[in-house]
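Have a look at the structure below before the remarks.
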2 protein chains.
Amino acid sequence: MAKHRKVANPLALAVLAGLLREPMHPYELGRRLLESGKNRHIRYNRGSLYMVVEQLRKAGFVTERETVRDTQRPERTVYAITDEGRAELRDWMRESVALPRAEYPQLGVALSLLGALEPAEAAGLLDHRSEALATEADEVRAHVEDAVDHGVAWVLLAEEEYRLTLLDAERRFVARLAKSLRHPDHVSVSQELLRPVPERTRQGPDRADRAG
Amino acid sequence: MAKHRKVANPLALAVLAGLLREPMHPYELGRRLLESGKNRHIRYNRGSLYMVVEQLRKAGFVTERETVRDTQRPERTVYAITDEGRAELRDWMRESVALPRAEYPQLGVALSLLGALEPAEAAGLLDHRSEALATEADEVRAHVEDAVDHGVAWVLLAEEEYRLTLLDAERRFVARLAKSLRHPDHVSVSQELLRPVPERTRQGPDRADRAG
DNA sequence: CTCGATATAGTCGATCCTGACTAATCGGCT
DNA sequence: AGCCGATTAGTCAGGATCGACTATATCGAG
């Protein structure tokens, strides 16, 4: 299933999507990425950008359209997406949306080695994380609210809402885990996670639990 | 805050934790990682393992203890953790647990470029993902239940429960998003995510400076 | 006893990624 | 006119990563 794409870096997906709108030079692509704040969802840095564009060119997904030098600044090479590029973009997008693939969130690593810490200390650290997550979530929320107020269609904010979902879920989990670590008798987080999901169409249990 | 660790690969955290229990040769570390299924939470492959061990040695976090050749198989070099290594492990664990750091889940990328797909098609793809996520979650659940039945302490399953939490959250989000894409009039996922903000223990910097 | 399959243990090169660097130009200030 | 800092545009060396490779040992089937 896992296709070996000729260019695997997710940044390439953004490049193809960008060039779908209109031909551009790499720096401009990067500028728009930063401007639109998409860099919070795609790992971006300049070097990778130029590399990825070059890779896409070699793979035939984009072509060098022209090299202009209107001012006396360094030349800007403008790239355009090809038909193969369009095909790749569609295929890749479909795959990214439809198929989840292995990810390695950093907390997973830490939790899997949690034994190396005293339960009491771990609980304290988890509290700290919980606070930090709440703060981050507040920021995203503010950002989304602001955008909505300015008339941005909600569909365009899907990625922010996704981020929010994950942040909230992690915060709740972390808070519960901290609590459990303090009362090892009360049996676990599992109880909550294992019971209440018999049916898969069941809609969300919206409860905001925040223990003192 | 974001420390430049001498060895940054998360695999190194697992290596240190492994050597904390007892001195070992790299291959054995790898074997245990696979055996205990921790490789689902830590990106593992052989080459990286040996590299990481070598890096840790150079950094003084582990030392070469002995090189044995009991059978006629290739030599096995046994490593032991040093005091510096122990310190690094504790510090690193504390940081990983307490401080969330930027992550780039693949779906975030896709969502931020969702405009490149027809809403109807996107909805279908999201349904597909939702199914896949449910299946994955079922597998993890089965695994956890099994472990619990075999008397494994729940604390040792924190990472599985975390995974479960994320899978469930994503599945719910994805399902709702698909629904919204089919009824663009019904206003969005936001409604649900923005309202139920539990008032947090006031202390964070509540600022939303984003004048437009 | 021999063949193939699997497990053990480690190495290597090609590719990829990143942060730091160059280098010119523009805008503003004095 | 001269200078400072920000912006524009791109390059590059040094690491990090991954898959593929080597080579021996053990085990089971025939």
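As the structure is a computational prediction, the values presented were derived from the model and not from experiment. Convention: sequence-line order gives letters A, B, ...; per-chain numbering from 1.
Applying the salt bridge (charged side-chain N to carboxylate O under 4.0 Å, His left out) rule to pairs touching residues 102-114 of chain A yields nothing, sequence neighbours excluded.
In this structure, A/N9 reaches the C/dC17 phosphate: one of its side-chain N or O atoms is under 4.0 Å from OP1 or OP2.
In the model, A/S48 has a side-chain atom that pairs as donor or acceptor with a side-chain atom of A/N45 under 3.5 Å. Counting only N and O atoms by type, the side chains of B/T135 and B/D138 include no donor and acceptor under 3.5 Å apart.
Minimum atom distance to the side chain of A/N45 is reached by C/dG19, of the listed D/dG10, C/dG19, C/dA9. Among the nucleotides C/dC17, D/dT8, C/dA9, the one closest to any side-chain atom of B/Y27 is C/dA9. Relative to the side chain of A/S48, the nucleotides D/dT8, C/dC17, C/dT8 differ in distance, and C/dC17 lies closest. In the set D/dT8, C/dA9, C/dC16, the nucleotide with an atom closest to the side chain of A/M51 is C/dC16. For B/Y50, the side-chain atoms get nearest to C/dT11 when compared with the rest of D/dG19, C/dG19, C/dT11.
Between B/L11 atom CG and D/dA16 atom P the separation is 13 Å, expressed in whole Å. In this structure, B/R43 places its CZ atom 16 Å from P of D/dA16, rounding to the nearest Å. Note: NZ (A/K58) to P (C/dA14) measures 14 Å, nearest angstrom. Summarising the geometry, the separation between CD on A/Q55 and P on C/dT18 is reported as 11 Å, rounded to the nearest angstrom. In this entry the distance linking CZ of A/R32 with P of D/dT7 reads 18 Å, nearest Å. For the pair B/L34 CG and C/dA7 C1', the computed distance is 12 Å after rounding to whole Å. Taking atom CD of residue B/E54 and atom C1' of nucleotide D/dA16, one finds them 14 Å apart after rounding to whole Å. The interatomic distance linking A/H25 (NE2) with D/dT7 (C1') rounds to 13 Å, in whole Å.
At a cut-off of 3.5 angstrom, the base of D/dG10 holds at least one donor-acceptor pair with the side chain of A/R46.
When each of B/L56, B/D83, B/L19, B/V15 is paired with B/F61, the side-chain contact (heavy atoms from CB on, under 4.5 Å) condition holds for B/L56 and for no other. Put simply, the residue from B/E160, B/E139, B/E159 that forms a salt bridge (Lys or Arg N to Asp or Glu O under 4.0 Å) with B/R40 is B/E160.
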